[in-house]
Amino acid sequence: MPDVQSMVLEFVNKLRKRKIEGSQATARCTVELLRSVISHHRVPHHANQASALIDAVKAVGAQLVAANPVELAVGNVVRRVLHIIREEDLSLATAAVAGLDLLDASDDDEDVNGKGIGYTAMSAAVVAAAARSTLRPPSLQTLLEGTPESATVPYTSSSGADSESKSKSADKSSITRKLKHDVIEGVNQLIHEIAGCHEQIAEQAIEHIHQNEVILTLGSSRTVLEFLCAAKEKKRSFRVFVAEGAPRYQGHLLAKELVARGLQTTVITDSAVFAMISRVNMVIIGAHAVMANGGVIGPVGVNMAALAAKKHAVPFVVLAGSHKLCPLYPHNPEVLLNELRSPSELLDFGEFSDCLDFGSGSGSPLLQVVNPTFDYVPPSLVSLFITDTGGHIPSYMYRLIADYYSADDLVM
Amino acid sequence: MDARRGPLAVPKVRRVGFFTSIEPSQDSPRPNRSLSGPAEAITTSSSPLSDSPSGQFISPVQIPPLRHRSDNLAAASRAAAPVPVPVPGPSAFRRQLASDRALHVGSYNPVDSLLGTSPPSSNGEVSEDSGSLFGFQRSDSAKLSASFPNGGFDMTMRVRAPQESEAKVVIASTSDGRKKNVEPSGTSEPVAATKPRKEKEQKSLKEKTSKAERRAIQEAQRAAKAAAKGEGSKRAGESSRAKPSKTAKQTQPKKDVPQVTSSLSEKRTVSVEKERRMDVPQAQMQYDDKSRVDKAKRRSVVEQTESKNKVELFLHLPQYERGNQLPNLSSNIFTLDTIHHAVYKVGLQHLAGDLSGDNARCIAMLHAFQEAINDYTTPPMKDLTMDLTGKINGYVSFLIECRPLSMSMGNAIRFLKNQIRKLPVDLSEPEAKASLCSEIGRFIDEKIILADKVIVQHAVTKIRDGEVLLTYGFSCVVEMILLYAHEIGRKFRVVVVDSRPNLEGQKLLRRLVARGLDCTYTHINAVSYIMGEVTRVFLGASSIFSNGTLYSKVGTACVAMVANAFSVPVIVCCEAYKFHERVLLDSICSNELGDPDAIANVPLRTNTKHAKTMDNNKNLQFLNLMYDSTPAEYISMIVTDYGMIPPTSIPVIVREYRREDLLL
């Protein structure tokens, strides 16, 4: 599988050079890469299929995350894929056990001794475990019981147990194929979900945007664009203020698209956010990532807008596809989950070359230029999250996130 | 005029806010005062604000004006002397000084303190109260130490009372003698003598008497007003100009001849009323008012084409196409007749955006006016005051066409107009012109240049070693502060926050780095990233309104808000001449719009296709706001030439100092 390896390397390079931007694009690329990793993965016959797949995905995922640790969507997607593998594995296991159970029941007992009882007991345990892990709250009980959650252990033991009964290898390869097939199916679903999260979110626009509203947004987010346009298509007429988002001017891009779709758009400077917020009915932004505590990582300048919105009691709404939900709790996110871009976006090197020299005598430069990419909004400033599963308050995000990831994968 | 100014001018001796003990700043914050005698004497005697007797004493409206006329220095210093001293025998003291008018002032206090009943609020707060009740129209406070903390008492009535009957005065003074003595100097002795006794009775009597009394006095007032109206309407035309000379004549004998004073005070009230009306800043022109805009357009010199794609929210502000009329206008400079070339030049500079910074704009304008006044000759058959005011008005409306005036320029223009109005009639034309020019020069020196120096002195005490200071945009006062602090050896780091489209911060950055300051440069979006390491925020101001709202370069509010969220103190540096008595709640109602193209044009980077191509789409607008208003709650402190004050003190400063500046 050299081709997979080269694909991984290529993607890592892209990430490292920040060629791919935007969490959605990154997420889609990541998940497509992982799909090909899975489909090309050849499992040695004797090994545990699921854990082998998990290991492979984890290895690739670690590479990707290391390439751009700030792009949390990569980690999210890797965790989602891992979660899918575990789930599929689990459901296969339950199905297998149940099948065995059925088979056991149907092929009416010539020896109703310990074996049948053993099977049923086993199956009961497996079903219980499956039920527990599909319920998925990473509760204290599951942690304490210590069943390593994926039902692989009972499955292997069961397959080992009935070694004598059937053609072992055939069964096993079919199960492997089935697992891989199911996983790829699940990953395809994930791709579909990521691609379709805009529509899912945009469908809710009509519930939130009313006639004659004034909406402030900043940064360039496809989700926001679709959200606003969806409301526009429902014949709601409203105005949009777009903060231009210096020094990257993504606001201009968004404004251009909005105008192309017929929305009445006003571009304002970032500094005018506070001045204009008193006339704004709602601030809608697209998140870069949503942390488990309900904090938001967004384009730079978002915190300012959130503070201003809070001051004027304007709802601050964050749109986030499920791939942006990150299961980690942030620590000092303004600095640690941020990334400084080139100073040349702010200062013309040519113009300031004379100033840059001043410090050279003393060793340390006199002039520093700070140009961060992201901003962190604490959960207290967020009024509402709108995800593809509906609206949620910041304090609920941890629970929502728990649905998508398994607790084992939080640390990669 | 004078009479009104008197009591208001007194608080000059009071230092407002917290003061550093920097010596040079001692006399400079009181610019317009001739610093000769009284100010000096009083400063030394009562400069510690906390000194309670003096605190009581300097309640601004209690003090007759004569006291700080600079010519009776001796009297003033004597008056100042008794202040902190608890006077042992007030009546004796009083008798001894009865002949000396100036000493009324001093003698009030002993009585008050002796009675011990002067309401607790007889210091600064009182003056605020009475101010809010009466505004500034009290012309007559000269005669009496007028605005006592009067419980619902109109002051004028007391003042007018002598005119009606002597008896009423006595009643008036007795009725609230508990609070104050309201004596014209002739009656002061008996009133003072009876006071202690009365004071005991008054407590019970007061309620009833005051009611009946109030009615009587109201009637008297009504009568006086009717009388004044007949007279006033005749005089209205000339009254404003006649005033100074009249008051000059009257101030001396005033107290001795109560009848004359009172009749004068009527006239004065009328003229003062008029003046007050003139002093009220005109409402800003609302550009969505079609008829007025059309009218203004007919008169206009600059032919602005209205911008096609207006922002709906800001229809009340002028929105014009930019940059097309400049060449045309600049070729006109040799042919124009209505507008002086210096003013024209400043106007074009404004139009082109060459002048930035409120102080620079204001100084340029004042210099142009100076030049224009120098070249001015009164046309035959015309009156200098009227004609020159008209001319200035023409200049001002031209300047407004070029660019809406800043608040500080408005204040400067009001100052200038007041100066013109107050020119004595008997002054010859060259003299009048010279005096106006020197007044303008003095305004620039004292209100702007000296004020900046004082502000630097104050603000620099707030910079300690190892601090990280954040500033936004370019403010020349802040630049001076930073450079001065660096000069005196403070070790600190500066964060310069900048914003599009003007990028003024780069100018500041360049200057600071050139002087060897350690700088960090960032843009306004990153302010919450950088705020964590900042220990203080220094901001400049375009104006501060009397509700404490800071009106400044757009983005200032954002910076102040984020600083507030990070619990970083925000220090605003602003000269007092920029204070304005208007109030403002948001940034929408009063603002200025810049060139929208400045926003539409972004520095192009390779892969970004920007909105420039969509310029003509009517759905897309670019809004270039110039100013925003920062609510007072985000401001920790305002450093001004009168000291370091909280934003809540702005109305006090405006009230107590503004008058004096304009009327001096």
Side-chain angles (χ1 to χ4, degrees), chain A residues 214 218 239 241 243-250 252-253 255-256 258-260 262-276 278-279 299-304 307-308 311 334-335 338 343 345-348 351-352 354-356 358-359 364 366-372 375-376, chain B residues 311-313 495 498-501 506 509-510 513-514 516-530 532 553-558 561-562 564-565 585-588 591 596 599-600 602-603 605 608-614 617 619-625 627-631:
Chain A
V214 179
L218 64 165
R239 278 180 296 158
F241 288 149
E244 62 174 2
R248 300 179 66 191
Y249 307 110
Q250 291 190 316
H252 284 271
L253 294 176
K256 192 183 160 193
L258 286 173
V259 169
L263 278 127
Q264 204 187 0
T265 310
T266 306
V267 178
I268 62 173
T269 50
D270 305 311
S271 44
V273 163
F274 186 89
M276 300 307 298
S278 61
R279 297 296 185 276
V300 68
V302 137
N303 190 37
M304 201 167 71
L307 282 169
K311 155 83 182 161
E334 295 93 339
V335 178
N338 214 331
E345 289 180 338
L346 292 184
L347 276 188
D348 193 358
E351 258 179 63
F352 271 80
D354 51 337
C355 289
L356 296 170
F358 280 114
S364 68
L366 283 178
L367 177 55
Q368 295 173 340
V369 179
V370 179
N371 183 12
D375 226 347
Y376 174 73
Chain B
V311 181
E312 195 186 324
L313 199 51
V495 178
D498 208 350
S499 78
R500 282 237 311 151
Q506 294 194 355
L509 182 72
R510 180 174 288 276
V513 171
L517 274 83
D518 200 351
C519 290
T520 304
Y521 179 81
T522 188
H523 56 98
I524 186 152
N525 274 336
V527 71
S528 38
Y529 174 87
I530 204 83
K553 197 86 214 147
V554 65
T556 308
C558 293
M561 173 187 65
V562 174
N564 195 52
L585 285 176
D586 61 12
S587 319
I588 312 287
N591 214 317
I599 297 192
V602 295
R605 284 167 52 236
T608 42
K609 302 175 289 295
H610 285 296
K612 182 66 185 155
T613 52
M614 313 284 296
N617 192 319
N619 276 336
L620 179 62
Q621 294 136 359
F622 292 94
L623 176 66
N624 188 0
L625 269 190
Y627 295 99
D628 66 6
S629 52
T630 311

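Atom set for the values below is all heavy atoms of this structure, side chains included, hydrogens, waters and symmetry mates excluded. First the proteins, then the strands, lettered A, B, ... as listed; each starts at 1.
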For the student: nearest non-hydrogen atoms of [X] and [Y], plus distance:
X      : Y      : result
A/A275 : B/I588 : O-CD1, 3.6 Å
B/D586 : A/S278 : CB-OG, 4.2 Å
A/M304 : B/I524 : SD-O, 3.7 Å
B/T522 : A/L346 : CA-CD1, 4.0 Å
B/I599 : A/V267 : CG2-CG1, 4.1 Å

Side chain, backbone, both or neither of [X] within contact of chain B (heavy atoms, under 4.5 Å):
X      : value
A/F241 : side chain
A/L263 : backbone
A/T269 : both

Below 4.5 Å from any heavy atom of chain A, which atoms of [X] appear? Answer side chain, backbone, both or neither.
X      : answer
B/V554 : both
B/L517 : backbone
B/S499 : side chain

Backbone N or O of A/A246 within a donor-acceptor pair of the B/N525 side chain at under 3.5 Å? yes

Looking at B/Q621 and A/Q264, would you say the former's side chain and the latter's main chain have a donor-acceptor pair under 3.5 Å?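 No, the answer is negative, given that no donor and acceptor are paired below the 3.5 Å cut-off.
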
A/I268 and B/L625, any side-chain heavy atoms less than 4.5 Å apart: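 In short, these two side chains do not touch, never coming nearer than 4.5 Å.
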
Taking the side chain as C-beta and beyond, is there a heavy-atom pair between A/L347 and B/Y521 under 4.5 Å?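 Result yes, sub-4.5 Å side-chain heavy-atom pair found.
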
For the interface with chain A, which of B/D628, B/L623, B/T556, B/N564 has the highest count of heavy-atom pairs at distances below 4.5 Å? B/L623

Partner chain A: residue of B/A565, B/C558, B/G555 with the largest heavy-atom pair count (under 4.5 Å):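 Sorted descending by pairs with chain A, the first entry is B/C558.
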
With sequence neighbours excluded, tell me which residues meet side chain to side chain contact (heavy atoms under 4.5 Å, CB included) with B/S629. B/T549, B/L584, B/S587

Between chain B and each of A/P299, A/P372, A/A243, A/A308, count heavy-atom pairs under 4.5 Å; write down the option with the most.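 The residue among A/P299, A/P372, A/A243, A/A308 with the greatest pair count is A/P372.
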
Run the ring pair (Phe, Tyr, Trp, His ring centres under 6.0 Å) test against B/Y627 and tell me which residues pass, sequence neighbours left out. B/Y551

Can you tell me how far apart CZ (B/R500) and CG (A/D270) are? Round to the nearest 0.5 Å.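 The CZ atom of B/R500 sits 8.5 Å away from the CG atom of A/D270.
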
